[in-house]
Amino acid sequence: MKRIMISRLEESIGEKIFIQGWVHRVRILKNISFVIVRDRSGMVQCVVDKDIDLNNLTNESVVEITGVAKEGKNSLNNFEVIVKEINVINKVEEILPIEVNKNSLDISLETLLNNRVLSLRNEKNNAIFKVQHILLQGFREFLSKEDFTEIFSPKIVAEGAEGGTSVFKLNYFGKEAYLSQSPQFYKQMMIAAGYERVFEIGNFFRAEEHDTRRHLNQFTSMDIELAFIEDENSIMDIEENLLKYMFNKLINEGEGYIKLLNIDVPQINIIPRVEFKEALKILKENYGKSINDIDLDSEGEELISKYAKERFNSDFIFITNYYREKRPMYTMPKGKDGTKSFDLIFRGMEITSGGQRINDYSMLIESFKAKGLNPEDFKSYIDIFKYGVPPHGGFAIGLERFLALLLGFGNVRETTLFPRDKNRLVP
């Protein structure tokens, strides 16, 4: 027989069916037994007659079941399966290191990650990456409808896109190369190539020696770049509409996951925009918080988010016009010491950095020099600006951090399939 997914069983009430999956739980009684079976689409209660031997059936063994789907109310569905035959495809060989069939895994993050594959069998942990999938679909759909082209940039590069030292070096056939920190240069190259609007979802690498709840050494970045903009506000407009689309898609297609994970999906009207200098005044006047730096610290981000929620009822706030010292060498200047740049803060943490880029060759050369960088080291990137590049800009959203904040998790490792940080290379 052809396999049917558990989520489709209600369409086959009264019919003979064939399902495959994992044993989620077994309950053996005197005259009847119950086996909860799980596949990628959900779980179902299977009713087993006492004549079928279940004594050697263990949780998480892989099984196939032939039976009849029938109506029957239970805690899972309004249907169940009357088992005619059950066959163990692959049994569990040893005691499970974690109990995956609990409503939630009451274990340390370290234990969860050390047993990552098993932990993802847990319904709630599994749902995390189903939500991620819906959000990424929404990201792609919105940008495709807005005439963006998806690209895939190199991950082995000759120079760091941020001009810093936080790069992983490698031997590339006798030459020194690096793992890419960002697709920034390549996004801009595609603008120069005439595509005008591009995006990428990819893994990137930062060699910083941090060990915090918000950082990873390998992370997923959702990047866009677009041409013929007026200024940085054009870019923020795009991001605002993009986020609205992604959240609406989650509401429409992820109702079950929203309930299971108790997700508070933001309602976006207009995201407030506050200049960096103004944000410093707000923090000082409203919370007694003084910042003598060119960036917000983690407490500053939390407090400015609190202000956005109290003043505008917004889970998001754009902080704009950062000092030139804070921004990369390709950022368009604004006034005496500012830039046409922004960060997006979401529920107390930065998830986006973006802005307008320099598109003038001479200005770009001077900006690199001002940052103490040798333009000759970036020749393959800088030279394209000799040949006519339109006004453009873009941004990047850190996927794992964005998802952790959306789900209310305290550590980005919880929303990373197989995290890579300074202490973790396996699994």
Side-chain angles (χ1 to χ4, degrees), residues 20-25 37-43 58-63 88-137 152 155-156 166-171 178-182 200-222 257 260-261 397-427:
Q20 295 173 310
W22 286 264
V23 175
H24 188 72
R25 190 178 292 114
V37 176
R38 182 186 73 244
D39 68 13
R40 70 175 186 269
S41 71
M43 291 190 280
T58 56
N59 288 348
E60 296 307 306
S61 290
V62 181
V63 297
V88 177
I89 298 173
N90 191 261
K91 67 178 181 178
V92 172
E93 295 290 347
E94 57 183 53
I95 297 173
L96 296 170
I98 58 175
E99 296 181 65
V100 301
N101 60 5
K102 291 184 175 182
N103 288 334
S104 59
L105 296 178
D106 187 19
I107 57 177
S108 69
L109 179 59
E110 189 75 7
T111 301
L112 182 144
L113 295 176
N114 287 341
N115 298 277
R116 192 44 152 163
V117 174
L118 281 180
S119 75
L120 291 173
R121 294 187 186 182
N122 176 268
E123 188 179 19
K124 286 187 176 180
N125 278 273
N126 189 278
I128 293 169
F129 298 98
K130 297 293 183 69
V131 170
Q132 181 189 89
H133 173 68
I134 293 172
L135 293 172
L136 288 174
Q137 276 189 317
F152 300 94
K155 302 301 175 281
I156 300 175
S166 59
V167 289
F168 288 104
K169 294 182 181 180
L170 67 151
N171 185 324
Y178 309 95
L179 294 179
S180 179
Q181 300 168 298
S182 161
E200 176 170 6
I201 302 170
N203 281 166
F204 297 93
F205 307 86
R206 301 284 171 94
E208 288 136 348
E209 291 273 348
H210 45 50
D211 187 16
T212 75
R213 65 187 180 91
R214 59 194 286 170
H215 291 104
L216 295 165
N217 292 107
Q218 177 179 318
F219 62 96
T220 306
S221 185
M222 301 184 287
Y257 304 131
L260 182 63
L261 295 169
I397 302 174
L399 175 61
E400 295 87 357
R401 189 182 292 184
F402 172 56
L403 186 56
L405 292 165
L406 175 63
L407 301 184
F409 292 169
N411 197 307
V412 294
R413 290 157 184 80
E414 295 182 75
T415 51
T416 308
L417 270 178
F418 299 100
R420 291 294 175 262
D421 55 35
K422 63 181 291 187
N423 300 311
R424 184 170 289 277
L425 269 175
V426 294

For residues [X] and [Y], report the shortest heavy-atom separation together with the two atoms involved.
| X | Y | result |
| --- | --- | --- |
| S221 | F204 | CB-CD1, 3.8 Å |
| E60 | V92 | C-CG2, 3.5 Å |
| L136 | M222 | CD2-SD, 3.6 Å |
| F129 | L120 | CE1-CD2, 3.6 Å |
| L407 | T415 | CD1-CG2, 4.2 Å |
| L96 | N59 | CD1-O, 4.2 Å |

Residues N125, R116; criterion side chain to side chain contact (heavy atoms under 4.5 Å, CB included); working and verdict: CA-CA 10 Å; N125 278 273; R116 192 44 152 163; 4.0 Å; yes
Per side-chain contact (heavy atoms from CB on, under 4.5 Å), N101 is matched among M43, R25, R38 by R25
Distance (rounded to the nearest 0.5 Å) between [X] [atom1] and [Y] [atom2]:
| X | Y | atom1 | atom2 | answer |
| --- | --- | --- | --- | --- |
| N411 | L216 | CG | CG | 8.0 Å |
| L109 | F409 | CG | CZ | 11.0 Å |
| N122 | H24 | CG | NE2 | 7.5 Å |
| I98 | L118 | CD1 | CG | 5.0 Å |
| Q137 | L135 | CD | CG | 9.5 Å |
| L261 | I128 | CG | CD1 | 6.5 Å |

Please check if the number of heavy atoms outside [X] that lie under 6.0 Å from its [atom1] is greater than 12.
| X | atom1 | value |
| --- | --- | --- |
| N171 | CG | yes |
| E99 | CD | no |
| K422 | NZ | yes |

Salt bridge (charged side-chain N to carboxylate O under 4.0 Å, His left out) with R424: which residues, sequence neighbours excluded? E110
Applying salt bridge (charged side-chain N to carboxylate O under 4.0 Å, His left out) to K155 and not counting sequence neighbours gives E200
Take R413 and D211 through the test salt bridge (Lys or Arg N to Asp or Glu O under 4.0 Å) and record every step on the way to the result. CA-CA 11 Å; R413 290 157 184 80; D211 187 16; 3.6 Å; yes
Tell me whether E400 contacts the main-chain N or O of T220 through its side chain, where contact means a donor paired with an acceptor under 3.5 Å. yes
F418 backbone acceptor or donor facing T416 side chain under 3.5 Å: no
Beyond-backbone contact of [X] with [Y], side-chain heavy atoms, under 4.5 angstrom:
| X | Y | result |
| --- | --- | --- |
| Q20 | V62 | no |
| V23 | T58 | no |
| L425 | R420 | yes |

Please work out which of the three classes, parallel, tilted or perpendicular, describes the rings of H210 and H215, given edges at 30° and 60°. parallel
Is it true that D106 and K124 make a salt bridge, defined as a side-chain N closer than 4.0 Å to a carboxylate O? no
Looking at K130 and E123, is any side-chain nitrogen of the basic one under 4.0 Å from a carboxylate oxygen of the acidic one? no
Evaluation steps, side chain to side chain contact (heavy atoms under 4.5 Å, CB included), between Y257 and I134: CA-CA 10 Å; Y257 304 131; I134 293 172; 4.0 Å; yes
Test side chain to side chain donor-acceptor pair (under 3.5 Å) on Q181 and S166; report intermediate values, then the result. CA-CA 8 Å; Q181 300 168 298; S166 59; 3.2 Å; yes
